[in-house]
Protein chains: 2
Amino acid sequence: MQEKIVNSLKEHGLKATPQRVTILSSIDKKGHANIDEIFNDAKVSHPTMSLATVYKNVTSLVEMHLLKELALTNEKSKYEIAKSPHSHLICKKCGHVEDIMLSDPLAENCNRLANSNSFKLEEFELNIYGICKSCLGE
Amino acid sequence: MQEKIVNSLKEHGLKATPQRVTILSSIDKKGHANIDEIFNDAKVSHPTMSLATVYKNVTSLVEMHLLKELALTNEKSKYEIAKSPHSHLICKKCGHVEDIMLSDPLAENCNRLANSNSFKLEEFELNIYGICKSCLGE
DNA sequence: GTGTCTGCAAATTATTTGCACGTTG
DNA sequence: CAACGTGCAAATAATTTGCAGACAC
């Protein structure tokens, strides 16, 4: 698993330092995390990690398309491992973010929307805000 | 026009101060603006306006649902006058944000996505990133 | 008149930077 | 060993707060 991360870093032209591996595996485990969550998580396995290192690395990992930023209403951006397009269910109560697959018709719809406005679509994001299953159950 | 803004403020239980009217009409004219843009714009007609006042007011206007925050990837949040649901074309080159109507099938699609995940949808946002018409023409 | 709002300055929080040293490839 | 990355401390930027005076209603 670490192996995979190390390879991924190298493929993207970044050195595989323990700090980077820690950051990536933390995000991978959590699914989505903001800077503070990454930092606190990383400190457990790597106590000397500095916050500046987290900032610098998250920035370069985003630039190298290994991470993706998820800008959120009312809270700090979260980061996720870059993977195939999907959409998000964001719980307004607990803040949990859940990935969901989006349907082809929906993607098609977005393409049409962009086209009919002479806009060159590069990517789109669909974020659904509300209350998650587990918060509903309480 | 100012009249409308004044009424809107009062209806939402906020005092209609000149600062607030200025902030709202600036956003209304621009369509979408971030804190700095609002501040710089407001200073023209109201030179003594302080940045803290902009922050405080934008916060309360969002709380009172008169404004809506638009969280963006890679740039500061922009604010828009709250109005019926719509989606956004966001230009990665010039930063311009354009509102577009979303189709019923698309909204229906989102409802279904949420339902099938036992998620209580409150609202959703569809942001399309790419290059706008005018930047394409250059 | 009174409670809310403003402007200012100071406090806090968030992010970036410079640099000496350590590590990866 | 060369380039790149780290940790620390200091610098900047962004946002919030406290408070005294001003204004809306």
- Are any of A:Ser50's side-chain N or O atoms less than 4.0 Å away from OP1 or OP2 of D:dT6? no
- Task: Using the test salt bridge (Lys or Arg N to Asp or Glu O under 4.0 Å), find all partners of A:Lys83 that sit at least two apart in sequence or belong to another chain.
- Result: A:Asp99
- Message: So if I define the base as every atom that isn't primed, P, OP1 or OP2, how would nucleotides 14-19 of chain C read as a B/S/- string at a heavy-atom cutoff under 4.0 Å?
- Response: SSBBB-
- Query: Rounded to whole angstrom units, what separation is found between the CG atom of A:Asn74 and the C1' atom of D:dT15?
  - Reply: 14 Å
- Item | Pairing residues for B:Lys10 by the salt bridge (Lys or Arg N to Asp or Glu O under 4.0 Å) criterion, not counting sequence neighbours | none
- Message: Apply side-chain contact (heavy atoms from CB on, under 4.5 Å) to residues A:Thr22 and A:Ile38 and explain how you reach the verdict.
- Response: CA-CA 9 Å; A:Thr22 301; A:Ile38 297 167; over 6 Å; no
- Query: Quick one: hydrophobic cluster around A:Phe124, which other residues, with the 4.5 Å side-chain cut-off, linked directly or via members?
  - Reply: A:Leu89, A:Ile100, A:Leu102, A:Leu106, A:Leu113, A:Phe119, A:Leu121, A:Leu126, A:Ile128, B:Leu89, B:Ile100, B:Leu102, B:Leu106, B:Leu113, B:Phe119, B:Leu121, B:Phe124, B:Leu126, B:Ile128
- Which ones in residues 40-49 of chain B lie close to DNA chain C, meaning a heavy atom under 4.0 Å from one of its atoms? B:His46, B:Thr48, B:Met49
- Message: Going by the rule salt bridge (Lys or Arg N to Asp or Glu O under 4.0 Å), which residues pair with B:Glu123 if we only count those two or more places apart in sequence or in a different chain?
- Response: A:Lys92, B:Lys68
- Task: With rounding to the nearest 0.5 Å, note down the distance linking CG in B:Leu14 to OG in B:Ser60.
- Result: 5.5 Å
- Verify whether one side chain among B:Glu69 and B:Ser77 offers a donor that lies under 3.5 Å from an acceptor in the other. yes
- If Ile, Leu, Val, Met, Phe, Trp and Tyr residues are connected whenever their side-chain heavy atoms lie under 4.5 Å apart, and connections chain through other members, are A:Ile81 and A:Val97 in the same group? no
- Message: What verdict does the side-chain contact (heavy atoms from CB on, under 4.5 Å) test give for B:Glu122 and B:Lys120, after you've listed the backbone C-alpha separation in whole Å, the side-chain angles of each residue and the deciding distance to 0.1 Å?
- Response: CA-CA 6 Å; B:Glu122 290 185 351; B:Lys120 178 161 175 270; 3.9 Å; yes
- Message: Tell me the interatomic distance from B:Ile38, atom CD1, to D:dT15, atom P, rounded to whole angstroms.
- Response: 11 Å
- Query: Within the pair B:Asn34 and D:dA14, is there a side-chain N or O less than 4.0 Å away from OP1 or OP2?
  - Reply: no
- Query: Please, which pairs that meet side-chain hydrogen bond (donor to acceptor under 3.5 Å, both in side chains) have at least one residue in residues 45-57 of chain B, sequence neighbours excluded?
  - Reply: B:Arg20-B:Asn57, B:Ser50-B:Thr53
- For DNA chain C, which residues in residues 9-32 of chain A have a heavy atom at a distance below 4.0 Å? A:Lys10, A:Lys15, A:Ala16
- Query: Tell me: CZ of B:Phe39 to P of D:dA13, nearest whole Å?
  - Reply: 15 Å
- Item | B:Gln2 CD - D:dA24 C1' separation (whole Å) | 17 Å
Please tabulate, for the side chains in residues 130-137 of chain A, all donor-acceptor contacts under 3.5 angstrom to protein atoms that are two or more places apart in sequence or on a different chain.
none

- Given axes from five pairs at either end, by how many degrees does the helix from C:dG1-D:dC25 to C:dG25-D:dC1 bend, rounded to 10°? 50°
- Query: If you look only at pairs with a residue in residues 57-97 of chain B, which of them pass as a ring-ring contact (aromatic ring centres under 6.0 Å, His included), with sequence neighbours excluded?
  - Reply: B:His32-B:His88, B:His86-B:His88
- Task: Mind checking salt bridge (Lys or Arg N to Asp or Glu O under 4.0 Å) for B:Asp28 and listing every partner two or more places apart, or none if nothing turns up?
- Result: none
